[in-house]
Undergrad: 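The structure is given below, and queries will be raised subsequently.
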Amino acid sequence: MSSVADRTRKVVPHQRESRTTALVAVQHLAVREIAIRVLRGLGAQDVVAVATPEEARRAAAAFSGQVAIVEAGLADGAGVALARDLRAAGWTQPLVISTSEDPWTVRAALSAGVRCYLTTTDRGGLVPELSSAPSGLHALSEREVEVLQLVGEGRSNRDVGEALGLSALTVKSHLARIARKVGTGDRAEMVLITLRAGLIS
């Protein structure tokens, strides 16, 4: 069950001749990937994605844009303060996503200039529900789950290989087998599926 507090009719501006840049400050890789796709689908040509408030502030100073999606739970609830700071830095259309429906938090966000505050009552609500789990999930090996855990942390094939004592080519082979088992070759979707199944955290 989700609810939305919205102060404007549109979050993302109409595409203009100049390049449109958006900012995503969300901790989990799979959720960041989803936000990036949504923003690009709505016309953002460049999306800067970060995982911490500090990275977001540096990105906001280095790039110019209007739309920012911020997770309220960043760094023990610093998302609302971050959204306020981004607005002051010129990102005029901040949107906050949260699993909390606390009215004081919502009021604080709207008072800070947040254009939209999206909440869900589900604990894992920042990650969309899957209609059904792929039948191949049970066939994932322990090594394949380890690979997915590291991929979910944003690591490249080379980084995953170094962490597990494998070559990048072997990691690529693992990912190909995982893709066949879960029904998608998209890294973010692989992570999302196994995250929802509780196989990785």
Undergrad: For the residue pair Ala25 and Leu74, what are the closest heavy atoms and their distance?
TA: O-CD1, 3.4 Å
Undergrad: Side-chain heavy atoms nearer than 4.5 Å, only ILVMFWY residues, links allowed to pass through others: does that put Leu29 and Val50 together?
TA: no
Undergrad: Could you tell me which non-hydrogen atom of Ala163 sits nearest to which non-hydrogen atom of Leu150, and how far apart they are?
TA: CB-CD1, 3.8 Å
Undergrad: Looking at Arg32 and Val26, would you say the former's side chain and the latter's main chain have a donor-acceptor pair under 3.5 Å?
TA: yes
Undergrad: Where do Met190 and Ile178 come nearest, in terms of heavy atoms and distance?
TA: SD-CG2, 3.9 Å
Undergrad: Could you walk me through whether Val47 and Val24 satisfy the side chain to side chain contact (heavy atoms under 4.5 Å, CB included) test, starting with their C-alpha distance in whole Å, then the side-chain angles of each, then the deciding distance to 0.1 Å, before giving a yes or no?
TA: CA-CA 7 Å; Val47 181; Val24 175; 3.8 Å; yes
Undergrad: Determine whether the side chains of Ser173 and Thr170 contain a donor N or O and an acceptor N or O closer than 3.5 Å.
TA: no
Undergrad: Identify, with sequence neighbours excluded, every residue that meets salt bridge (Lys or Arg N to Asp or Glu O under 4.0 Å) alongside Arg143.
TA: Glu146
Undergrad: Applying side chain to side chain donor-acceptor pair (under 3.5 Å), can you list everything that pairs with Thr92, at least two apart in sequence or on another chain?
TA: none
Undergrad: Quick one: does Ile69's side chain get under 4.5 Å of Leu23's, heavy atoms only?
TA: no
Undergrad: Report the C-alpha distance between Arg40 and Asp46 in whole Å, list the side-chain angles of each, state the deciding distance to 0.1 Å, and finish with yes or no for salt bridge (charged side-chain N to carboxylate O under 4.0 Å, His left out).
TA: CA-CA 8 Å; Arg40 286 182 175 157; Asp46 298 311; over 6 Å; no
Undergrad: Indicate yes or no for a side-chain donor-acceptor contact from Lys181 to the backbone of Ala139 under 3.5 Å, with no hydrogens or angles considered.
TA: yes
Undergrad: So do the side chains of Asn157 and Arg187 get within less than 4.5 Å of each other, counting heavy atoms only?
TA: yes
Undergrad: Check salt bridge (Lys or Arg N to Asp or Glu O under 4.0 Å) between Asp159 and all other residues, then give those that pass, not counting sequence neighbours.
TA: none
Undergrad: Would you say that Val70 contacts Val80 through its side chain, given a criterion of any heavy-atom pair below 4.5 Å between the two side chains?
TA: no
Undergrad: What are the two closest heavy atoms between Ala59 and Val48, and how far apart are they?
TA: CB-CG1, 3.7 Å
Undergrad: Test Val31 against Glu71 for side chain to side chain contact (heavy atoms under 4.5 Å, CB included), laying out the working first.
TA: CA-CA 10 Å; Val31 184; Glu71 181 182 345; 5.9 Å; no
Undergrad: Would you give the length of the straight line joining atom NE2 of His138 to atom CG of Leu199, rounded to the nearest 0.5 angstrom?
TA: 12.0 Å
Undergrad: Check Trp91 against Phe63 and note the closest heavy-atom contact, atom names and distance.
TA: CZ2-O, 3.6 Å
Undergrad: Would you mind listing every salt bridge (Lys or Arg N to Asp or Glu O under 4.0 Å) that reaches into residues 161-176, with sequence neighbours excluded?
TA: Arg158-Glu162
Undergrad: Please find the pair of heavy atoms, one from Ser64 and one from Thr21, that lie closest to each other, and give the distance.
TA: O-CB, 3.4 Å
Undergrad: Looking at residues at least two apart in the chain, or sitting in another chain, which of them share a side-chain contact (heavy atoms from CB on, under 4.5 Å) with Gln149?
TA: Glu153, Ile200, Ser201
Undergrad: Donor-acceptor pair, distance only, cut-off 3.5 Å: does the side chain of Gln66 make one with the backbone of Gln93?
TA: no
Undergrad: Let me confirm one number: the CG-CD distance from Leu82 to Glu55, rounded to the nearest 0.5 Å.
TA: 11.0 Å
Undergrad: Flag the pair Leu166 / Val160 as yes when at least one side-chain heavy-atom distance between them is below 4.5 Å, and no otherwise.
TA: no
Undergrad: Compare all side-chain heavy atoms of Val145 with those of Thr194 and state whether any distance is below 4.5 angstrom.
TA: no
Undergrad: Would you give the length of the straight line joining atom CG of Leu86 to atom CG of Leu95, rounded to the nearest 0.5 angstrom?
TA: 12.0 Å
Undergrad: Taking only residues two or more places apart in sequence or in another chain, which ones pass side-chain contact (heavy atoms from CB on, under 4.5 Å) with Ala88?
TA: none
